[in-house]
Amino acid sequence: MIDKLEKVSIFKGLDHAVLVDISLLCQSIVLENGETIIAEKVNESFDLFFLIRGNVEITSNTTPLASGEAVLSREDKELLGEVSWLLNVRRTATVKAVGEVEVIRVNGPRFMSFLERKPEGFRIMRRIARQIASRLNESDNLLKQILWNSNI
């Protein structure tokens, strides 16, 4: 498991002992094409997922404006399920495997507790925050482009 965690940008450069602690919270899962990793509007767990290998399709029906079509496609080493994990809310999208996919499932509540207790927690959370901020920036730019093109 540690060799897989080392490939995830959020965990790169962390001490081996820290990775060992994190690995105890993890499970490696291989999914086949079409299998669901995260189901929208479900809140049975607040686990976090790291895409190690393969591609996923992300769809959402959360609002009447969403059509349920693929709204996003992600590739290697992406963070998935972070909104639900951070806010303790139902899942905001469905994530399905496109082809064979490998993910690391991290026990969300235990991982949050780990981050709150360990000195490395701030470093890891800052990396997660940067990924989320980058996505927000991309979304903001896309929204501006849509509004510009529609003359609103």
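Below, each value reflects all heavy atoms present in this structure, side chains not excepted, and no hydrogens, waters or symmetry copies. Since the model is a prediction, treat every value here as computed from it, not as a measurement. Numbering of residues begins at 1 and proceeds along the displayed sequence.
- Contact check for Ile104 versus Leu5: side-chain heavy atoms found under the 4.5 Å cut-off.
- Leu25 is listed as a side-chain neighbour of Phe114, based on a closest heavy-atom distance under 4.5 Å.
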| request: Please assess Glu57 against Thr59 for the test side-chain contact (heavy atoms from CB on, under 4.5 Å), listing each intermediate value before the final yes or no. | output: CA-CA 7 Å; Glu57 177 182 83; Thr59 58; 4.1 Å; yes
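- With sequence neighbours excluded, the residues satisfying side chain to side chain donor-acceptor pair (under 3.5 Å) with Asp47 are Arg105.
- Ile37 is listed as a side-chain neighbour of Val56, based on a closest heavy-atom distance under 4.5 Å.
- Side-chain contact of Ser60 with Glu40: a donor-acceptor pair under 3.5 Å is present, judged by distance alone.
- Between Leu80 and Leu48 the shortest side-chain heavy-atom distance does not fall below 4.5 Å.
- By the side chain to side chain donor-acceptor pair (under 3.5 Å) test, Glu6 pairs with no residue at all, sequence neighbours left out.
- For the residue pair Ser9/Gln131, the side-chain donor-acceptor check at 3.5 Å is satisfied.
- In the hydrophobic cluster analysis, where Ile, Leu, Val, Met, Phe, Trp and Tyr join through side-chain heavy atoms closer than 4.5 angstrom, Ile132 is grouped together with Val8.
- Contact of the Leu79 side chain with the Phe49 side chain is not registered, since no non-hydrogen atoms from C-beta on lie closer than 4.5 Å.
- The nearest pair of heavy atoms linking Ser23 to Met1 is CB-CG, 3.7 Å.
- Between the CD1 atom of Ile29 and the CD1 atom of Ile52 there is a distance of 11.5 Å, given to the nearest 0.5 Å.
- The main-chain N or O of Arg110 is found under 3.5 Å from a side-chain atom of Asn107 such that the two form a donor-acceptor pair.
- Residues Phe11 and Ile22 are in side-chain contact: their nearest non-hydrogen atoms beyond the backbone lie under 4.5 Å apart.
- Pairs of residues two or more places apart, or lying in two chains, that qualify as side chain to side chain donor-acceptor pair (under 3.5 Å) and include a residue from residues 79-90 are Glu82-Arg135.
- Evaluation of the salt bridge (Lys or Arg N to Asp or Glu O under 4.0 Å) rule for Arg127 yields no partner, not counting sequence neighbours.
- Sorted by first then second residue, the side chain to side chain donor-acceptor pair (under 3.5 Å) pairs that include residues 25-38, not counting sequence neighbours, are Lys4-Ser28, Ser28-Glu102.
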For residues 116-124, which side-chain donor-acceptor pairs fall under 3.5 Å, sequence neighbours excluded?
{"unit_1": "Arg117", "atom_1": "NE", "unit_2": "Ser113", "atom_2": "O", "d": "3.4"}
{"unit_1": "Arg117", "atom_1": "NE", "unit_2": "Ser113", "atom_2": "OG", "d": "3.3"}

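- Considering only heavy atoms from C-beta on, Val30 comes within 4.5 Å of Arg53 through its side chain.
- Counting heavy atoms from C-beta outward, Leu14 and Lys12 have side chains that stay 4.5 Å or more apart.
- Taking all atoms of both residues into account, the shortest heavy-atom contact from Ala97 to Leu31 is CB-CB, 4.2 Å.
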